[in-house]
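A short write-up of the structure that comes next.
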2 protein chains.
Amino acid sequence: MQSLLELRHLKTLAAIRDAGSLTRAAERLFLTQSALSHQLRQLEAHYGLPLFARKTAPLKLTPAGDKLVQLADAVLPMIANAEREVAKLREGEAGSLRIAVECHTCFDWLMPAMDTFRERWPEVELDIVSGFHADPVQLLFEDRADLAIVSVPEAETGIAHLPLFAYDMVALLARDHPLAAKAYLEAADFADETLITYPVPDDMLDLVRQVLRPAGINPKRRTTELTVAILQLVASRRGVAALPGWSVQHYLERDYVAARPITATGLRAELNAAVLQDRAGTAYLQDFVAIVREVCVAELPGIQLTGA
Amino acid sequence: MQSLLELRHLKTLAAIRDAGSLTRAAERLFLTQSALSHQLRQLEAHYGLPLFARKTAPLKLTPAGDKLVQLADAVLPMIANAEREVAKLREGEAGSLRIAVECHTCFDWLMPAMDTFRERWPEVELDIVSGFHADPVQLLFEDRADLAIVSVPEAETGIAHLPLFAYDMVALLARDHPLAAKAYLEAADFADETLITYPVPDDMLDLVRQVLRPAGINPKRRTTELTVAILQLVASRRGVAALPGWSVQHYLERDYVAARPITATGLRAELNAAVLQDRAGTAYLQDFVAIVREVCVAELPGIQLTGA
DNA sequence: GAAAATAATGAGTTTGAATCATATTAGGCT
DNA sequence: AGCCTAATATGATTCAAACTCATTATTTTC
């Protein structure tokens with residue numbers, strides 16, 4: 001009759017509620033579906049009551065399950081808070097988090113993440129390193145930034161890369177564009193198109209670096225700073241573009257433009273947070289990464305959290 | 001950097017704070033001192049901070065330890081509450097807890113325990129079965145009581161015994177009584193004394209049942225209902241008595257009377273809660289037992305929790 | 001200072017949580 | 001219907017880590 005319940009169980013229950021299924025909850029927790037099924041089974045046996053109504057999708061909470069999930073919602077933030085407090089005792093309250101961003105679309109999720117961070121670490125000086133920088137990692141060494149959002153984690157001594165998430169790039173076409181007839185686009189398809197991109201070096205454009213350049217294809221270019229402007233140009237048949245799937249979901253649902261996978265296997269991209277190796281253990285840096293992952297998994301469709 | 005913390009750790013930290021030492025905390029948790037030492041070590045390594053200031057007795061909390069213990073104080077009651085709520089969903093809110101008591105001194109701790117119970121289970125009808133009963137277990141079968149506090153757990157079919165705690169009986173003597181010169185009393189020492197007891201059958205008097213009767217000794221008797229009256233009579237040299245150590249600590253500190261162990265090894269007694277076997281799983285009955293144990297371990301000196 | 005109590009440590013054992021591989025069940029589709 | 005696909009359940013196995021045991025080190029007490 002000992003209380004079997006551990007925090008692990010509360011995390012699991014909350015994750016199932018959030019994810020709506022064991023399988024997806026398992027992914028988020030970096031466990032197997034089997035593990036969650038066993039856990040749930042054990043809990044239900046212990047309490048002598050079902051906690052979720054199965055045979056329904058999404059899984060629905062029973063009253064008993066609801067009680068425990070409510071408990072989780074109350075308790076887990078308190079745990080996280082206390083652990084932050086302990087980290088502050090260890091490292092002191094102060095510090096700065098100057099964020100360097102090389103990816104234009106990242107501002108979508110960066111703002112809500114920064115809002116949450118500001119609440120949790122009010123003493124940490126929070127800033128975005130303004131202006132555009134070809135090599136944001138360099139800013140870390142120059143002590144002009146504390147964390148850089150980068151897509152290619154090229155191993156560099158003294159730099160640690162903390163995984164954020166991965167996603168697929170999609171090609172954007174006018175709805176009546178001839179290429180929209182294809183199930184997916186290949187490098188050759190871009191040869192005679194105008195490619196609309198952000199005004200950044202080619203190295204930072206996943207499509208160019210991973211698809212076009214290897215195939216020796218170099219289409220005409222047009223650049224603009226704003227995501228909406230890119231969408232606008234594509235819609236008015238001035239060219240094609242490649243953007244993260246999550247950044248254009250909104251427009252796709254409204255049928256502004258068409259989207260197609262790039263190559264048969266898709267064009268996978270990922271984002272990482274780069275920090276100085278020495279500071280990788282700092283609690284508030286790690287917590288910022290955790291916040292970004294939380295925000296993004298909740299708000300961005302079709303992304304996968306990376307790393308352990 | 002995963003959060004290592006589990007409820008187990010919070011329970012441990014709170015227990016160490018309450019007990020003041022690893023050894024005593026380990027007893028309460030039914031673990032070894034080694035287990036707690038390892039746990040603590042791991043937590044401190046994880047947080048990179050000491051949680052208790054060692055080399056001091058009682059162990060004192062560091063600021064970091066304090067944060068986590070505060071967390072435990074906030075979280076653990078919430079957990080217990082939620083689990084009670086789930087039990088109520090399973091078993092329904094209603095029910096009755098009519099308590100039969102054969103031990104006069106038990107009222108000392110029974111009242112605070114009942115107060116706590118009433119808070120936690122407001123829907124359960126709570127009562128003490130009034131009047132004195134030679135065989136309280138019989139009341140369970142007759143459905144006149146739901147739980148009986150008994151000292152001798154004689155195996156009876158249909159009855160389950162839930163362990164409460166164990167303690168030593170002490171012999172009480174006037175401060176200047178000749179026997180007070182002895183380090184401990186034996187059966188023979190009672191032969192020429194007047195024994196002051198509660199007015200109950202001999203079977204319920206641990207001293208008679210376990211020490212005097214086996215030795216064939218049957219001293220003069222005098223009975224009274226009230227513990228204070230027994231103390232009064234002992235102090236005024238009208239006789240000697242045997243009471244649980246925990247029930248007279250208060251008077252001993254004030255030097256009203258002297259206390260001595262009974263036999264060289266002490267006279268050990270224990271209390272159990274008897275319930276109908278069928279109802280032994282009922283949540284509120286189990287919780288009442290848990291409450292009694294909590295209250296008693298906190299308030300009664302020199303007792304040991306029994307059972308697992 | 002010696003003895004007793006308490007905590008720390010390291011090796012060894014055991015438990016149980018997670019995984020892997022597979023069976024079962026539910027839901028969607030023609 | 002009936003098949004196919006996706007999701008969950010189950011049982012056996014693996015493996016990590018929590019605990020105990022035996023011992024040493026440290027601290028408290030008299």
Side-chain angles (χ1 to χ4, degrees), chain A residues 1-62 65 68 72 302 304-305 307-308, chain B residues 1-62 65 68 72 183 301-302 304 308:
Chain A
M1 314 300 138
Q2 274 277 62
S3 171
L4 165 95
L5 196 70
E6 282 292 346
L7 291 179
R8 161 168 37 94
H9 298 118
L10 295 182
K11 288 174 190 159
T12 295
L13 292 175
I16 296 176
R17 187 264 323 265
D18 293 341
S21 87
L22 294 196
T23 312
R24 264 173 314 220
E27 279 169 25
R28 281 200 209 185
L29 296 170
F30 297 100
L31 292 174
T32 60
Q33 173 269 323
S34 179
L36 297 207
S37 180
H38 281 296
Q39 257 188 42
L40 199 52
R41 186 180 152 76
Q42 195 192 15
L43 280 177
E44 294 185 330
H46 180 250
Y47 290 114
L49 284 171
L51 300 177
F52 287 92
R54 319 305 169 77
K55 338 210 160 193
T56 87
L59 252 45
K60 206 167 157 287
L61 286 163
T62 64
L68 292 180
Q304 296 89 42
L305 292 179
Chain B
M1 312 299 136
Q2 274 279 62
S3 170
L4 164 97
L5 196 70
E6 283 292 346
L7 290 180
R8 163 169 36 94
H9 298 118
L10 294 183
K11 288 173 190 160
T12 295
L13 292 175
I16 296 176
R17 187 265 320 267
D18 292 343
S21 86
L22 294 197
T23 311
R24 264 176 314 225
E27 280 169 24
R28 282 201 210 185
L29 297 171
F30 297 100
L31 292 173
T32 59
Q33 172 269 322
S34 179
L36 298 206
S37 180
H38 282 297
Q39 256 189 43
L40 200 52
R41 187 179 150 76
Q42 196 193 13
L43 281 177
E44 294 185 330
H46 180 251
Y47 290 113
L49 284 172
L51 300 178
F52 287 93
R54 318 305 167 78
K55 339 209 161 191
T56 86
L59 251 45
K60 208 166 157 287
L61 286 162
T62 64
L68 291 180
Q304 296 89 43

Handout entry: Shortest non-hydrogen contact from B:Phe52 toward B:Glu44
Key = N-OE2, 3.5 Å

Exercise for the section: Would you kindly give the NE2-to-P distance between B:His9 and D:dA17, to the nearest whole Å? Expected result: 11 Å

Exercise for the section: Evaluate the side-chain contact (heavy atoms from CB on, under 4.5 Å) criterion for residues A:Leu61 and A:Leu13: first the C-alpha distance (whole Å), next the side-chain angles of each, then the deciding distance (0.1 Å), finally the verdict. Expected result: CA-CA 10 Å; A:Leu61 286 163; A:Leu13 292 175; over 6 Å; no

Handout entry: Polar side-chain contact B:Gln42-D:dA17 base: donor and acceptor under 3.5 Å
Key = no

Exercise for the section: Starting at atom CG of A:Leu43, determine the distance to atom C1' of C:dG16, rounded to an integer number of angstrom. Expected result: 14 Å

Problem - Among D:dC21, C:dA8, D:dC19, the one nearest B:Leu31 by side-chain distance - result: D:dC19

Problem - For B:Leu43, the option from B:Thr12, B:Leu4, B:Leu49 that meets side chain to side chain contact (heavy atoms under 4.5 Å, CB included) - result: B:Leu4

Fill in the blank from the handout: Rounded to whole Å, the CG-C1' distance (B:Leu22 to D:dT28) equals 15 Å

Handout entry: Integer-rounded Å distance: D:dA25 P and B:Arg54 CZ
Key = 18 Å

Practice task
Classify the side chain of A:His38 versus the base of C:dG16 as yes if they form a donor-acceptor pair under 3.5 Å and no if they do not.
Solution key: no

Problem - Side-chain N or O of A:Thr32 closer than 4.0 Å to phosphate OP1/OP2 of C:dC20 - result: no

Practice task
Go through the N and O atoms of the side chain of B:Ser34 and the base of D:dC21, and report whether any donor-acceptor pair is under 3.5 Å.
Solution key: yes

Fill in the blank from the handout: When B:Gln33 and A:Ala35 are each assigned the nearest nucleotide of DNA chain C, the 5'-most assignment goes to B:Gln33

Practice task
Count the heavy atoms belonging to other residues, nucleotides or ligands that lie under 6.0 Å from CZ of B:Arg41, then report whether that count exceeds 12.
Solution key: no

Fill in the blank from the handout: note: B:Lys11, atom NZ; D:dC19, atom P; distance rounded to Å ~ 11 Å

Practice task
Rounded to the nearest angstrom, tell me the gap between atom CD in B:Glu44 and atom C1' in C:dA7.
Solution key: 12 Å

Practice task
Give a yes/no answer on whether the side chain of B:Ser37 brings an N or O atom under 4.0 Å of OP1 or OP2 in C:dT9.
Solution key: no

Exercise for the section: Measure the distance from CG on A:Leu40 to P on C:dA17 and round it to the nearest whole Å. Expected result: 14 Å

Handout entry: Whole angstrom value for the distance that separates P of C:dG16 from NE2 of A:His46
Key = 13 Å

Problem - Phosphate contact (D:dT10 OP1 or OP2) by A:Arg41 side-chain N/O below 4.0 Å - result: yes

Exercise for the section: In plain terms, say whether A:Lys11 and A:Glu6 are close enough for a salt bridge, that is, a side-chain N and a carboxylate O under 4.0 Å apart. Expected result: no

Fill in the blank from the handout: Quick note, B:Arg8 side chain, CB onward, closest among D:dC19, C:dA8, C:dT6 is D:dC19

